[in-house]
Amino acid sequence: MATLPGIANNPDIRFLGKLLGDVIRAYGGDTLYQRTEYIRAASVDRHRGGTDVDLGLDRLSLDETLDFVRGFMLFSMLANLAEDRQGVTAERGADLAAALERLAGEGIDKAQVMHLLDHALIAPVLTAHPTEVRRKSMIDHRNRIAALMLLRDGGASETPDGDNVEEAILRQIALLWQTRVLRRERLYVTDEVETALSYLREVFLPALPALYQRWDRALGERVPSFVRPGSWIGGDRDGNPFVTADSLTTALAKASEAVLVYYLDAVHALGAELSISTDLAPADAGVQALAEASGDTAESRSDEPYRRALSGIYARLAATHRALTGKPAPRPGALKGERYPDPQAFRADLVIIARALRQEDHQGGGALSSGGALGRLVRAVETFGFHLATLDLRQNSAVHERVVAELLKVAGVEADYLSLGESQRVSLLRHELSNARPLASPFAAYSEETQSELAILRAAAQAHATYGPACITQHIVSMAQSVSDLLELNILLKEVGLYRPGGASGEASSAAIMAVPLFETIGDLEAAPAIMTEWFALPEVRGITAARSFQEVMIGYSDSNKDGGYLTSTWSLSKASTALKSVFADAGVGMQLFHGRGGAVGRGGGSSFAAIRAQPPGTVQGRIRITEQGEVIAGKYGTRESAMTNLEAMASATLLASLEPDALSAADTARFSAAMDTLSASAFAAYRDLVYGSNGNDAGFRTFFRQMTPLAEISGLKIGSRPASRTKSDRIEDLRAIPWVFSWAQARVMLPGWYGVGQALSAFPDKGLLAEMAQGWPFFAASLANMEQVIAKSDMGIAARYAGLVEDRALADAIFPRIESGWQQTHDGLLQVTGQSRLLEAHPALDASIRLRLPYIEPLNLLQIELIKRRRAGDEDARIGEGILLSINAIATALRNSG
Ligand code: PGA
C-alpha cells in the first residue's frame, strides 16, 4: 500500500506495505486496491481529527468486504513483523551482560550470581490457551518473510537457492493473500501438540544451547543449565474433555522422538567433524575406552578414536530411540549398542569426549574444547533430557473431589465424602494416604469421569517408567481452595503408584509428581498463605518437601482479574506472593511461584521483563515458571533470534529480581502498601458493582456484555480444542477468562485491563503520594504502564457503537455511560499520576506503533458491527458469518495481545 504518513519512519513497513499493495492490485483487482486505498487514507484523516470524513464502507459489496478485511489483516501482520524486527515490542536492555553490570554496580559479584544459578530454574511453559487466531500456515509464511528480510538486511540480492530476495518476499505475500485465513475444522488436541512441538523442536532446541554459549562468555565460566522449557499441551484437562490418557501418551511420545532424532543428527554430525587422528594427536584413555567399546572395527577409522567413540554413542542412542519410540532410528547405523538407561548416561559419554578435547587443548591453544557443537549438545542433553519439555498435568479441584468421593464410596470407606466438612475430609484423606492399599477395584464399574482420570494418571506413571521422572514433575490443581484439594490429588497419585506412603520403619512419604495448588480468585489468593501454612504443618508433607527442598504454588492472573478487576487482581497477586514468602520461610521450604498469565493485560500480560522485576522482594529466589500462551508464543518464540532475546530477558529479570536489594525502604513499602490497599478496595467495589451487581448476580450486565461484544461469534474461530465455558451456565464466573478478555478487546473497551482504576485514583486523597509511587515503585509503575497501553488501544467512540448492538436500549443506557465515565476517569487519573499531558508521552516508540494501527482497526470495527447487526437480524448469507470471523481475526491481529 502507498506510504502512510507516520509509518514513513519505519522503512520495513513501507517496503512490505508497498508489496502488499502490489499483491492486492495484481490478485484482487484494481477496484479493490483503489477502494482499500481510499478507506485507508480516509481513516488516517479521521484519526488526524477529520471526524466527519466518510470512510465509504457502505459502498463495499459483501465480497469486497471480505477481501478488504483480509487486506487490512495482512497489513497488520506485516506491520507486526516489521516492528518485531525493530525490537519495538522486544525486551530492550534486557541482556544478561547488562544485568550483570547492573548487579556489579550494586556490589553483587559473580560468585553470588553463580551461587544463585546453581539452584535456579526458569521455565517458560507453553500452553494451548486459545488466543492465537492465525493458522500455522499463515505464521509459517510470516516467518519465511522474516528470514528473507534478514537476507535483505545483509545486502543479499539472492537467496542461497538463487531466488531474487525481493521477488521471494513478494511471492510469500502473494501466498499469504491466497491462503485461507479461517480454519475450516475445529482444532484437536493433537494439532495443539504438533504446534507446540514445532516450537520446541525448531526454536527451543537450537536456541537454548546457543544462548548458553553467550551466557558462558558473559560470566567467564560455564553456567549451570537452569532453563527448563515446559508444556501443558496434552496434560491440561481442566475444562477440556478432549485431553485424555491418549493425548498425554501421544504428546510425550512425540516429544521424546523429536529430541532423540535431534541428538542422533547431532552425534552424526559430530562424528563427521571430530576427525582427529592418533597419528597427529594422542587421545586420552577415556576416549580410547569408548572407542574400544564401540565395536567399530572399520579399518578406515582405526586411527580416529573420536569417530569410533561417536559411532558407539550413536549406536547406543539408536537403541534408546528404538526402546522409547518403538521404532528404528531414521538412520539406523551399522553397530549394535545397549540403550542408555537415562540422559545422564548419554551425557557422561559426551563429557568423556569433551574432557579429552580439553586435554588436547592443554597441549595446544584451547580452540577445541570451548563451546562448539559438542558443548551445545551437552547443554541440550542437560536441558531437554529424553523428554524435551516437562509436561504438566492440570485438573480442576472439583473433578478430583468427585473422583475421590466415588472411589471412597465404591471401596466402602465413606458413603458421602462430598458432604464432609474440611477437617473431616483432611483426616479421612490423611488416613487413606498412610495406607498403601489402593482404593480402586478392577471389579467395580466407575463413572466415565473417574475412569478417565485414573487412566490419565496411569499413563503418567507409565511415562515416568519410560522416559524418567523429569517428563512430568507437576500436577496443577485449579481452583484450589483448601488443603483437602491437594490431598485428594495425592490420593489419586497413590492409586497409580506415584505417591508412596511412608513406612512403619520411619521412611518418609514420597510423591513422584508434586501437587501444585493454583490460587485464582481474589478470595483464594487471600486464603493461600493460611492454606499453605496448614499444608506444611502436615507431617507427611514435611517429609515430601524436605526431599525436594521446594514447593511450587501457581497464581492465576486472569481469573483473579475476572473476579476482582485489574487493580485488585495485580495487588492480590503481589500480596499473596509476599505473604507466601513468609509462610515458606517459616516452614524452611524453598518457594517456586508459577505465574499463570496470558498475553492481554487483563490476563496478566505485558512485558515479562518488567513483570518479573516488579515481583515483590524475595519472592523470586531464582526460581520462576511462567505460562506462555496463544499468540504470545509466536510473538516471543517465532524465530530463534526472538526466542533468544526473550529467554535472555527472562533470565536477566530473574537474576535482577532475585539479587537486587529492595528498591524501597521498609517505611515506603508500608506507606505504599497501605495506599494500594485503599486503591484496591475502591477499585474492587467499582468493578464488582458493575460486573456482578450489588447482589452478586447481575443478569442485566450479563445480557449487556453478551449483546455488546462478539462473544458468541468468537467460538466460531475454532482456535482451540477446548469449550469456551467450563459449564453450561451463562454466569460470568463460569465463563473462561479468555473469551471474556477477548470479546472486550474486540469491542475496543478492554474493560478487564482498567475498569475500576479511575474511580480508585480519583477517590484517593493524596495525589502526591500516587505520583511518588508511580515514580519509585516498580510494581505500581509496571501496573500503570500496562494499563496505559490498554487505554491507548481502547476507544470509547467505537465502543459506543458496539453498545448500539444491545437490544434493550434502557439497559444499554444504564450501563454504557458507567463504562464511559470510568474510562475517562482512568484516562485522566493515569495522566495526572504519571505527570503526562497525553498517553504514552514517555514511550514514543510504542506511541508510534499504536497510532499507526488505529486507523486500520476502526474500519474493521465498523464493518464488524454492521455484519453482526445483519446476522443477528436473521440474514443467513454465509459470507456474513465469514466476514465476522475475518474481522475478529483482523482486529486481534492489529491490536496484538488482545486475548
Ligand atoms: P484457564 O486460563 O481458563 O485455563 O484457567 C485462563 C487464562 O489463561 O486466561
Side-chain angles (χ1 to χ4, degrees), residues 237-238 241 244-245 393-462 464 472 474-518 527 530-532 534-545 547 551:
R237 58 202 187 283
D238 174 14
T244 59
L393 304 177
R394 180 172 77 140
Q395 183 54 288
N396 203 289
S397 58
V399 175
H400 291 154
E401 237 162 66
R402 288 195 295 269
V403 172
V404 167
E406 185 176 4
L407 291 176
L408 291 170
K409 183 172 173 192
V410 173
V413 176
E414 167 55 56
D416 191 2
Y417 174 76
L418 296 178
S419 71
L420 301 184
E422 174 66 6
S423 62
Q424 286 169 302
R425 286 183 181 196
V426 169
S427 59
L428 171 65
L429 297 170
R430 289 189 57 209
H431 181 71
E432 272 307 313
L433 278 175
S434 67
N435 187 338
R437 67 116 179 78
L439 285 166
S441 155
F443 305 111
Y446 294 99
S447 65
E448 225 173 89
E449 182 173 68
T450 297
Q451 288 181 42
S452 161
E453 283 302 299
L454 290 176
I456 203 163
L457 294 176
R458 275 189 208 110
Q462 179 59 45
H464 266 211
I472 304 173
Q474 268 100 326
H475 188 310
I476 319 292
V477 182
S478 314
M479 288 291 163
Q481 296 176 322
S482 58
V483 160
S484 63
D485 287 338
L486 296 177
L487 293 173
E488 283 156 5
L489 172 60
N490 279 344
I491 293 275
L492 299 177
L493 291 174
K494 181 167 79 71
E495 287 299 304
V496 300
L498 289 169
Y499 179 99
R500 282 171 199 276
S505 47
E507 75 266 25
S509 313
S510 64
I513 292 181
M514 183 194 293
V516 174
L518 163 51
I531 296 172
M532 294 316 288
E534 215 186 304
W535 177 245
F536 289 135
L538 301 179
E540 55 273 33
V541 170
R542 272 206 295 276
I544 295 173
T545 38
Q551 164 73 42

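Since this is a predicted model, take the numbers as computed values, not measurements.
Rounding to the nearest 0.5 angstrom, the gap separating the NE2 atom in His400 from the CE atom in Met479 is 14.0 Å. Taken to the nearest 0.5 Å, the OG atom of Ser423 stands 9.0 Å off from the CD atom of Glu534. Between atom CD of residue Gln451 and atom CD1 of residue Ile456 there is a gap of 14.0 Å, rounded to the nearest 0.5 Å. Between atom CZ of residue Arg430 and atom CD1 of residue Ile491 there is a gap of 11.5 Å, rounded to the nearest 0.5 Å. Taking CZ of Arg542 as the start and CD of Glu540 as the end, the distance is 9.0 Å to the nearest 0.5 Å.
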### Task
Decide yes or no on side-chain contact (heavy atoms from CB on, under 4.5 Å) for Arg394 and His475, but give the supporting numbers first.
CA-CA 5 Å; Arg394 180 172 77 140; His475 188 310; 5.5 Å; no

### Task
List the steps and the verdict of side-chain contact (heavy atoms from CB on, under 4.5 Å) for Asp485 and Leu489.
CA-CA 7 Å; Asp485 287 338; Leu489 172 60; over 6 Å; no

### Task
Before giving the answer on side-chain contact (heavy atoms from CB on, under 4.5 Å), spell out for Ile513 and Gln474 the whole-Å C-alpha distance, their side-chain angles and the decisive distance to 0.1 Å.
CA-CA 5 Å; Ile513 292 181; Gln474 268 100 326; 5.6 Å; no

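Contact check for Met514 versus Gln551: side-chain heavy atoms found under the 4.5 Å cut-off. Val403 is not listed as a side-chain neighbour of Tyr446, based on a closest heavy-atom distance of 4.5 Å or more. You'll find the side chain of Leu518 stays beyond 4.5 Å of the side chain of Val477, heavy atoms only. Side-chain contact check for Arg237 versus Leu393: some heavy-atom pair is nearer than 4.5 Å. In this structure, Ser484 and Leu429 have side chains that are in contact, with non-hydrogen atoms separated by less than 4.5 Å. The shortest distance between side-chain heavy atoms of Leu408 and Leu428 falls below 4.5 Å. Taking the side chain as every heavy atom from C-beta outward, Leu418 and Glu401 approach each other to under 4.5 Å. Here the side chains of Leu407 and Leu492 are in contact, with some heavy-atom distance below 4.5 Å.
Across all non-hydrogen atoms, the minimal contact from Leu487 to Leu433 is CD2-CD1, 3.6 Å. The shortest heavy-atom contact between Trp535 and Val483 is N-CG2, 3.8 Å. Nearest approach of Ile472 to His464, heavy atoms of both residues: O-NE2, 2.7 Å. When all heavy atoms of Leu457 and Leu498 are compared, the pair lying nearest together is O-CD1, 4.0 Å. Considering every non-hydrogen atom in both Arg437 and Asn435, the closest pair reads N-OD1, 3.0 Å. Nearest heavy atoms, Gly543 versus Ala508: CA-CB, 3.9 Å.
Checking side-chain atoms of Ser509 against main-chain N and O of Pro501 turns up no donor-acceptor pair under 3.5 Å. Side chain of Ser452 to backbone of Glu448: no donor-acceptor contact under 3.5 angstrom is found.
Contact check on Arg458 versus Glu453 returns no salt bridge, with no Lys/Arg side-chain nitrogen under 4.0 Å from an Asp/Glu carboxylate oxygen. Contact check on Lys409 versus Glu414 returns no salt bridge, with no Lys/Arg side-chain nitrogen under 4.0 Å from an Asp/Glu carboxylate oxygen.
In this model, a donor atom of one side chain and an acceptor atom of the other lie less than 3.5 Å apart for Ser478 and Asp238. A donor-acceptor contact closer than 3.5 angstrom links the side chains of Ser447 and Glu406.
Pairs passing the side-chain hydrogen bond (donor to acceptor under 3.5 Å, both in side chains) check and including a residue from residues 490-504, sequence neighbours excluded, do not occur.
A cation-pi contact links Arg425 to Tyr417, judged by a cut-off of 6.0 Å to the six-membered ring centre and 45° from its axis.
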